[in-house]
Amino acid sequence: MAKTASRQPEQGGGPSRTSLFLVGFMGAGKTSVGQLLARKLRWRFIDLDDRVEAREGRTIAEIFSELGEEAFRTAESAALSELLNELSGGDPAVVALGGGAYVQAHNANAIRASKCKVIFLDAAVDELRRRCEAKGAVRPLFQDQQRFTELYHTRRQHYRKADLHVETTGLSVYAVARQIISLLGIEKR
Ligand code: S3P
């Protein structure tokens with residue numbers, strides 16, 4: 001069950017030093033919160049979409065339009081599996097996943113098996129849509145409103161399996177990052 005209300009001390013003693021995975025829908029703030037969180041903790045920040053683009057030598061939009069969504073999902077899973085190998089035993093990092101990555105059962109299982117912490121950044125669907133419109137980043141799956149809303153509702157049940165659920169509606173990225181640090185009881189280096 002995800003935790004929302006209060007600080008949850010780590011089991012087994014001591015604050016978290018395991019990598020943090022930020023999941024949630026498009027516009028949830030995974031990249032902006034992740035970058036700030038990593039800066040505050042002095043941890044590395046990794047964006048899985050960047051890894052996919054580097055691996056494929058194409059932008060996300062090009063992968064979708066030239067190869068299709070299935071090829072994108074295959075590349076995304078391969079990039080995630082490489083990343084989990086890289087993170088095992090190394091310094092912790094803050095990782096932002098693309099909105100569909102955690103929805104794939106094999107990806108979610110691999111992350112859970114790695115014992116990294118998963119944080120669901122949530123927001124009202126209208127706010128997510130506004131943020132996506134305002135940012136102007138190319139998102140192949142952000143097209144019509146109805147599809148956006150349907151996809152959000154379908155995916156929420158998957159995101160809710162995260163260890164921690166943070167509601168971000170109306171909050172700044174600073175407030176969200178502060179809340180995560182406080183809820184996880186992570187010590188800054
Ligand atoms: C996707 C979200 C995108 C990116 C790709 C697919 C999705 O990332 O991975 O366009 O399936 O929701 P963001 O969530 O960072 O926009």
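Predicted model only: the values in this text are computed from it and were never measured. Remember, it's 1-based here, ligands and their atoms both numbered in the order they're listed.
Side-chain atoms of Leu183 and Leu164, non-hydrogen and from C-beta on, do get closer than 4.5 Å to each other. Trp43 places none of its side-chain heavy atoms less than 4.5 Å from the side chain of Val95.
Under a 4.0 Å N-O distance rule, the pair Arg58/Glu53 does not qualify as a salt bridge. The pair Arg156-Asp122 meets the salt-bridge criterion, since a charged nitrogen lies less than 4.0 angstrom from a carboxylate oxygen. The pair Arg51-Glu86 counts as a salt bridge, with a side-chain nitrogen and a carboxylate oxygen less than 4.0 angstrom apart. Asp144 and Arg147 are not joined by a salt bridge, as no carboxylate oxygen comes within less than 4.0 angstrom of a charged side-chain nitrogen. Salt bridge Glu76/Arg73: present, at least one basic N to carboxylate O contact under 4.0 Å.
Ligand-side atoms of ligand 1 in range of Gly98: 8 (O), 9 (O), 14 (O), range being under 4.0 angstrom from any heavy atom. Ligand-side atoms of ligand 1 in range of Pro140: 10 (O), range being under 4.0 angstrom from any heavy atom. Close approach of ligand 1 to Leu141 is summarised as follows: ligand atoms under 4.0 Å from at least one heavy atom of the residue are 7 (C), 11 (O). The atoms of ligand 1 that sit less than 4.0 Å from any heavy atom of Ile60 are 5 (C), 10 (O). Interface atoms of ligand 1 facing Gly100, defined by a heavy-atom separation under 4.0 Å, are 7 (C), 11 (O), 12 (O). Each of the following atoms of ligand 1 lies closer than 4.0 Å to a heavy atom of Lys30: 13 (P), 14 (O), 15 (O).
Taking CD1 from Ile63 and CD from Glu70, the interatomic distance works out to 14.0 Å, rounded to the nearest 0.5 Å.
By the 3.5 Å distance cut-off applied to N or O atoms, Glu76 is not counted among the residues near ligand 1. Some N or O of Arg155 is nearer than 3.5 Å to an N or O of ligand 1, by distance alone. No N or O atom of Gly24 sits closer than 3.5 Å to an N or O atom of ligand 1.
In this structure, Thr18 and Lys117 approach most closely via the heavy-atom pair OG1-CG, 3.9 Å.
Here ring-ring contact (aromatic ring centres under 6.0 Å, His included) pairs that include residues 67-120, with residues two or more places apart or in two chains, are Phe64-Phe72, Phe120-Tyr159, Phe120-His165.
Of the heavy atoms in Arg131, none comes closer than 4.0 Å to ligand 1. No part of Gln104 comes within 4.0 Å of ligand 1, judged by heavy-atom distances. Under 4.0 angstrom from ligand 1, the non-hydrogen atoms of Phe72 all belong to its side chain.
With respect to atom 1 (C) of ligand 1, the closest heavy atom belonging to the protein is Gly99 N, 3.9 Å. For atom 16 (O) of ligand 1, the closest heavy atom belonging to the protein is Arg139 NE, 2.7 Å. In terms of protein heavy-atom proximity, atom 11 (O) of ligand 1 is closest to Arg73 NH2, 2.6 Å.
Here atom 4 (C) of ligand 1 lies nearest to Asp49 when heavy atoms of Asp47, Asp49, Leu128, Val52 are compared.
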